[in-house]
Structures are given as C-alpha cells and as structure tokens.
Amino acid sequence: MTKEQADQLIQINADKIAPEYIETIRERLLNADEGTATAAFANLKGTTMMFLIAFFLGAYGVDRFMLGETGLGVAKLCTCGGCGIWSLIDLFTAGSRTRQYNANKILEQI
C-alpha cells in the first residue's frame with residue numbers, strides 16, 4: 001500500500017481511532033496489501049453510536065458486550081450498571097473505549 005493510500009484511510013477514520021495508535025497503524029499499513037488494509041477499516045464502531053448505546057442500554061452492559069468485554073458486560077448486567085454509578089462513568093468513557101477497541105481491531109487484522 002502506498003503512503004498516500006495509508007494516509008487517506010487514516011484521515012477518513014481518524015475520529016474512530018485512538019490517537020496514540022495512529023503511527024503504528026500507519027507503519028503497518030505501508031507493509032500491508034490494499035485489500036487487507038481496506039477490510040481492516042470496514043467495520044469500525046462509531047463513537048456517537050456507542051455513546052447512545054451506553055446511554056440507553058448501559059445498565060444492561062450492552063456497551064461492554066459490543067466492545068468485546070464479555071466479563072465486564074455480565075458483571076454490569078448483574079449489578080444493574082453498578083447501581084447506576086458504573087453506567088454513568090461509562091457514558092463519559094464510551095468514546096475513548098470505542099477508539100481503543102477500533103485501534104486494537106485494526107492492528108489485529110493488518
């Protein structure tokens with residue numbers, strides 16, 4: 001993949017990726033083929049969508065389940081979102097957790 005293509009993929013999806021991973025992703029994209037790189041960026045989760053899920057379904061742990069944190073999702077479900085406190089905290093961290101999840105997902109695939 002060319003440097004311009006890698007920069008374009010990163011620029012389009014910059015709001016969905018944790019900033020501390022962008023350079024690592026850029027380096028790996030340069031060594032990946034175009035099909036693999038494009039597929040890695042195909043199913044990224046949006047931060048706004050995860051905020052809304054955390055707001056409406058956070059007490060049931062749905063936001064944690066969607067980010068692959070099954071154990072925490074079950075714990076959150078059993079405690080009704082930590083009596084609401086855990087759900088409130090997750091509202092403020094939903095964006096950063098989603099960007100972290102997306103960056104890890106991309107790095108796994110390329």
Side-chain angles (χ1 to χ4, degrees):
M1 174 171 259
T2 66
K3 185 180 183 318
E4 291 79 25
Q5 290 172 323
D7 288 339
Q8 184 179 15
L9 265 177
I10 290 172
Q11 185 178 13
I12 291 170
N13 296 293
D15 62 328
K16 297 179 182 177
I17 303 169
E20 59 268 14
Y21 289 96
I22 289 181
E23 286 303 316
T24 306
I25 291 171
R26 180 177 286 121
E27 291 171 8
R28 289 201 188 172
L29 282 175
L30 294 175
N31 297 324
D33 62 82
E34 189 175 339
T36 304
T38 306
F41 283 86
N43 294 319
L44 299 180
K45 299 193 183 326
T47 55
T48 305
M49 178 198 65
M50 287 307 296
F51 173 79
L52 292 173
I53 288 171
F55 184 78
F56 290 109
L57 301 171
Y60 303 110
V62 175
D63 55 329
R64 294 289 182 160
F65 286 117
M66 288 187 69
L67 296 178
E69 300 170 344
T70 308
L72 291 175
V74 170
K76 197 171 173 185
L77 176 64
C78 291
T79 62
C80 293
C83 296
I85 297 170
W86 193 356
S87 296
L88 184 63
I89 293 169
D90 278 354
L91 282 176
F92 293 102
T93 62
S96 62
R97 286 185 296 113
T98 305
R99 285 189 286 279
Q100 179 88 21
Y101 172 82
N102 287 336
N104 289 330
K105 194 77 161 170
I106 292 168
L107 289 173
E108 286 175 9
Q109 293 180 10
I110 56 175

Please check if atom CD in Gln11 has more than 12 non-hydrogen atoms from other residues, nucleotides or ligands closer than 6.0 Å. no
Is there a donor-acceptor contact under 3.5 Å from the side chain of Arg28 to the main chain of Leu107? yes
Between Phe55 and Trp86, is there shared hydrophobic-cluster membership here, with clusters defined by ILVMFWY side-chain heavy atoms closer than 4.5 Å? no
Under the side-chain contact (heavy atoms from CB on, under 4.5 Å) rule, what do Asn43 and Lys105 come out as? Steps first, then yes or no, please. CA-CA 9 Å; Asn43 294 319; Lys105 194 77 161 170; over 6 Å; no
Let me see the working for Leu67 and Lys45 under side-chain contact (heavy atoms from CB on, under 4.5 Å), right down to the final yes or no. CA-CA 9 Å; Leu67 296 178; Lys45 299 193 183 326; 4.1 Å; yes
State, yes or no, whether a side-chain contact exists between Leu44 and Ile106 at a heavy-atom distance under 4.5 Å. yes
Donor-acceptor pair, side chain of Thr38 and main chain of Gly35, under 3.5 angstrom: no
State plainly whether one hydrophobic cluster holds both Leu72 and Met50, where clusters connect Ile, Leu, Val, Met, Phe, Trp and Tyr through side-chain heavy atoms under 4.5 angstrom apart. no
Do Arg97 and Asp90 come close enough that some side-chain heavy atom pair is under 4.5 Å? yes
State whether the number of non-hydrogen atoms from other residues, nucleotides or ligands found under 6.0 Å of Gln5 atom CD is greater than 12. yes
pair Asp7-Arg26: side-chain heavy atoms closer than 4.5 Å: yes
Determine whether Asn104 and Tyr21 make a side-chain contact, defined as any pair of heavy atoms from C-beta on separated by less than 4.5 Å. yes
Considering all heavy atoms, the nearest Ala103-Ala18 contact: CB-N, 4.2 Å
Ignoring hydrogens and geometry, is there a side-chain-to-backbone donor-acceptor pair from Lys3 to Leu30 under 3.5 Å? no
Are any non-hydrogen side-chain atoms of Ile85 and Ile89 less than 4.5 angstrom apart? yes
Same cluster (ILVMFWY, side-chain, under 4.5 Å), Leu91 and Ile53: yes
Are Thr36 and Met1 side-chain neighbours, meaning at least one heavy-atom pair lies under 4.5 Å? no
What's the shortest heavy-atom distance between Ala54 and Asp63, and which atoms? CB-OD2, 3.8 Å
Minimum side-chain heavy-atom gap Phe65-Leu57 below 4.5 Å: no
